[in-house]
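Written below as structure tokens is the structure these notes are about.
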Amino acid sequence: MKKKKILVTSALLYVNGLPHLGHVVGCWLPGDVFTRYHKTKGNDVVYVSGTDDHGTTSYISAKEAGMEPSDYIASMNARMKEIAKKLSINFDIFSGTNTQTHHDVTIDFFSEIYKNGYTEVKESSMLFCEHDKIALADRFVYGICPNCGYDKAYGDQCDKCGATYELDALGSPKCAFCGKDAVKKSTKHIYISLDKIQPELQKWVESKKDVWRPHVYAMTNKWFKEGLKPRCITRDIPWGIKVPLKGFEDKVFYVWFDAPIGYISITKELGGDEMVKDRWQNPECEIYNFIGKDNIDFHAVFFPSMELACKKYNLATNVVGFNFLNFEGQKFSKSHKVGIFCDSLLHSDIDIDALRAYLVSIFPENKDSDFTYEGFKLNTNAELVGKYGNFFNRTLNMINKNFAGELEIDFDDIKDSLDENDKEMIEAINTLPTQIGELFEKTEFRMAYKEIMRFASIGNTYLEKTAPWTLIKNGDTTSAKKVLYLCLNMAKALAIVASPIMPNRTAEIWSEQLNFAGRPDDAEQWEDASKINIKKSHKVNLPKPLFARLDDEAIEKYKAEFSK
RNA sequence: CGCGAGGUAGAGCAGCUCGGAAGCUCGCCGGGCUCAUAACCCGGAGGUCACAGGUUCAAAUCCUGUCCUCGCAACCA
């Protein structure tokens, strides 16, 4: 089978602020599960992410922390890497946009757009705060909405009526920091001519109708109804990538212009021009963007438009937009301490795989979902302990107790004595791993997880129906061995198919208990999951519980730990 | 007519793309099993699929209308 080439990106996080579970659920974890699946499947996949280091907010956060922006960014980036590692998020690279490579790639990207005639210069007025000595763009200025008259409307958008407009239109603008009147100054800015790109973009979006999640497609189409307008891509702030054009030396690119280019520059940082060519300019390579719903516009409209204007890089195969995760029925909020912020996980002894499994089971794929401690406890106890872990435990225990860990048979020895139960079991092993794989491929992670648990249930039911403990008691060791041999093969399959979600526990059971070489997520192992091929001479080790049962005390402990 | 999401058993949800006997998990009731972390397996009770019209041989699923709920300052996927 031909290896696929895949590039997976996870939304770049703003550098000011550490991720909370919402970030993990919206992009880091799905991207990771997706990447791990494809690696196990034997595909050639690369997973890139990092931090978005530019923009006014980052500049201000650094100032508040009393640090130079670069130092601030480096320290935040290091902490995020630590958190990703703790969560077993396996990025091939986690970098940022504050690198020389990124500056070079961005400037080249812009130069192409410029050369291709997709930019225009417009004279517009800018707002400046004489008191804070800062240019006030977008969300750092408020005033009266030209559409509805709301007096706390932002520079580019009114949150009350949803209207968007140019800064010029805002009435009585005031500085968001000090509240003093903002002063208008005339200035030139560069715009990207989205209106010229719309027809081509629309064609691309149309081709994704059946690939994207419905809400992603719907949100994108809204833009076309209004018609795309030229969009300003430069700003008057001191922190960012300098615009390489005469007359614009004191300006930087708008953060949302350079941030998505970060996917390309970070790829370059990882593997040089070769890899950029291989992943961004090779039509064979599939590109997947994992993002939260607030990022859909940028990944489905603006960045693809930029790419079309640049004519150098391929557009995404799928923009996988996730909805939001709530926490115990409320929105995540740093200021109100609602939610789990990942730095508090760093020193916790919480079982990361159990957490990952629960999070996958509630991925907000089609609508917002809710994290609850009760749900976490239930998922761990009922699914992971009761169904999944229990199946391994039952199987291995019986093989050890009765046959000293060695069944000394293979499929050839049993193929002529199969009854209905055995055939159903074999059918499940032969078909379910492939089906589960297809769900991962379609980014239907919740369903994939559900199917894995159903798979384990089939094993438990099979044990119940065949009752090998009774067979042994009655002296029918041949039948008992047959049953346990099939169970052992299913155990192998279960370890492989769950490995993208629970990489640590499955690796543990693979080598320590099932006594196989390597790891369940080794490259090209996925196909092996549906095969019944364990060798005659294979010997398994004694089982031990895979997951710990959670009681109320444990939950209370986590609650206290994470609410700090 | 601001925008978006949603209303399916006591709770939490899936099913709606491509109409065809209402499903899953938990909880509850009863039974079985004893290999297993009091885990596992089977059976049962419980629903006018928000409401009203329409299309159809057939609608949770398609169309129209109505009602209700949630989110939309900031940090923030």
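Throughout, a chain's letter reflects where its sequence line sits, starting with A, and its residues are numbered from 1.
- Note on A:F547: a base of the nucleic acid sits closer than 4.0 angstrom, heavy atoms only.
- B:rC76 and B:rC29: their P atoms are spaced 48 Å apart (whole Å).
- B:rC40 and B:rU25 are spaced 11 Å apart, taking the P atom of each and rounding to whole Å.
- Within 4.0 Å of A:K465, counting heavy atoms only, lies no atom of the nucleic acid at all.
- Comparing the P positions of B:rU48 and B:rA11 gives an interatomic distance of 13 Å, to the nearest angstrom.
- Note that the CG atom of A:L21 and the CG atom of A:L345 stand 6.0 Å from one another [nearest 0.5 Å].
- In the set B:rA77, B:rC72, B:rC35, B:rC35 carries the atom at the smallest distance from any side-chain atom of A:N397.
- Base contact: A:L546 has a heavy atom under 4.0 Å from a base atom.
- For A:H538, the ring-ring contact (aromatic ring centres under 6.0 Å, His included) criterion is met by A:F516, not counting sequence neighbours.
- Checking A:N323 against A:T395, the closest nucleotide of RNA chain B that is more toward the 5' end is the one next to A:T395.
- For residues 441-479 of chain A, the pairs satisfying ring-ring contact (aromatic ring centres under 6.0 Å, His included) are A:F363-A:F445, with sequence neighbours left out.
- Here the P atom of nucleotide B:rC75 and the NE2 atom of A:H23 are 11 Å apart, to the nearest Å.
- Partners of A:N460 according to the side-chain hydrogen bond (donor to acceptor under 3.5 Å, both in side chains) rule, which considers only residues two or more places apart in sequence or in another chain, are A:R394.
- Applying the side-chain hydrogen bond (donor to acceptor under 3.5 Å, both in side chains) test to A:R36 and every residue at least two apart in sequence or in another chain returns A:D32.
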Write out a two-atom table: protein N or O, nucleotide N or O from nucleotides 6-14 of chain B, distance below 3.5 Å.
from   : atom 1 : to     : atom 2 : distance (Å)
B:rA14 : OP2    : A:K367 : NZ     : 2.3

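- Nearest to the side chain of A:T461, among B:rC76, B:rC35, B:rC42, sits B:rC42.
- Residue A:N393 has its side chain nearest to B:rU37 when only B:rC40, B:rC76, B:rU37 are considered.
- The cationic atom of A:R213 (NZ for Lys, CZ for Arg) lies less than 6.0 Å from the six-membered ring centre of A:F322 and within 45° of the ring axis.
- Considering only side-chain atoms of A:R394, the nucleotide from B:rC35, B:rG71, B:rA77 that sits closest is B:rC35.
- Within 4.0 Å of A:H20, counting heavy atoms only, lies at least one base atom of the nucleic acid.
- With sequence neighbours excluded, no residue forms a salt bridge (Lys or Arg N to Asp or Glu O under 4.0 Å) with A:E444.
- What separates CD1 of A:I509 from P of B:rU37 is a distance of 13 Å, to the nearest Å.
- Looking at heavy-atom distances under 4.0 Å, A:F322 makes no contact with the nucleic acid at all.
- Shown here are the side-chain hydrogen bond (donor to acceptor under 3.5 Å, both in side chains) partners of A:N504, two or more places apart in sequence or in another chain: A:S88, A:D353.
- The separation between A:M453 atom CE and B:rC41 atom P is 13 Å, rounded to whole Å.
- Using a 4.0 Å cut-off, some side-chain N or O of A:K401 falls inside it from OP1 or OP2 of B:rA36.
- Taking atom CZ on A:F324 and atom P on B:rC75, their separation rounds to 12 Å, with Å as the unit.
- For the P atoms, the distance linking B:rC68 with B:rA22 amounts to 30 Å, nearest Å.
- Ring planes of A:Y288 and A:F290: parallel class, angle under 30° (limits at 30 and 60°).
- Listed by chain and residue number, A:E451 satisfy the salt bridge (Lys or Arg N to Asp or Glu O under 4.0 Å) test with A:R454 (two or more places apart in sequence, or in another chain).
- When each of B:rC40, B:rG71, B:rC35 is scored by its nearest atom to the side-chain atoms of A:N460, the top-ranked nucleotide is B:rC40.
- Per the geometry, CZ belonging to A:R505 stands 14 Å off C1' belonging to B:rU37, to the nearest Å.
- The side chain of A:V385 has B:rU37 as its nearest neighbour among B:rC41, B:rU37, B:rC76.
- Using P as the reference atom, B:rG19 and B:rC57 are 15 Å apart when rounded to the nearest Å.
- Partners of A:D368 according to the side-chain hydrogen bond (donor to acceptor under 3.5 Å, both in side chains) rule, which considers only residues two or more places apart in sequence or in another chain, are A:K293.
- On the P atoms, B:rC26 is 11 Å away from B:rA39, given to the nearest whole Å.
- Between A:G292 and A:A548, it is A:A548 whose nearest contact on RNA chain B lies nearer the 5' terminus.
- Looking only at atom types and distance, the side chain of A:T51 has a donor-acceptor partner in the side chain of A:D53 under 3.5 Å away.
- In terms of phosphate contacts, A:R549 brings a side-chain nitrogen or oxygen within less than 4.0 Å of OP1 or OP2 of B:rA39.
- The interatomic distance linking A:L439 (CG) with B:rG15 (P) rounds to 12 Å, in whole Å.
- Between A:F392 and A:A495 the shortest heavy-atom distance is CZ-N, 4.0 Å.
- A:G386 comes within 4.0 angstrom of the backbone, heavy atoms only, and of no base.
- Nucleotides B:rC24 and B:rA9 are separated by 15 Å at their P atoms, to the nearest Å.
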Just the atom pairs and distances: protein N or O near nucleotides 27-34 of chain B's N or O, under 3.5 Å.
from   : atom 1 : to     : atom 2 : distance (Å)
B:rG32 : N2     : A:E464 : OE2    : 2.9

Side-chain donor/acceptor pairs under 3.5 Å, residues 478-487 of chain A, sequence neighbours excluded:
from   : atom 1 : to     : atom 2 : distance (Å)
A:S479 : OG     : A:D476 : OD1    : 3.1
A:S479 : OG     : A:D476 : OD2    : 2.7
A:K481 : NZ     : A:L407 : O      : 3.1
A:K482 : NZ     : A:S417 : O      : 3.1
A:K482 : NZ     : A:D422 : OD2    : 2.6
A:Y485 : OH     : A:I534 : N      : 3.2
A:Y485 : OH     : A:I534 : O      : 2.7

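- Ring planes of A:F371 and A:F327: parallel class, angle under 30° (limits at 30 and 60°).
- Here A:L325 lies in heavy-atom contact (under 4.0 Å) with a base.
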Fill in the blank from the handout: Read 5' to 3' with Watson-Crick or G-U pairs under 3.5 Å, [ ] for crossing pairs and | for partners on another strand, RNA chain B gives .(((((((.[[[[.)....(..]]]].(((((.......))))).....[[[[[..)....]]]]])))))).....
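- Nucleotide B:rC75 holds its P atom 9 Å from the CG atom of A:N16, rounded to whole Å.
- Only the C1' atoms considered, B:rG6 is 14 Å distant from B:rC49, to the nearest whole Å.
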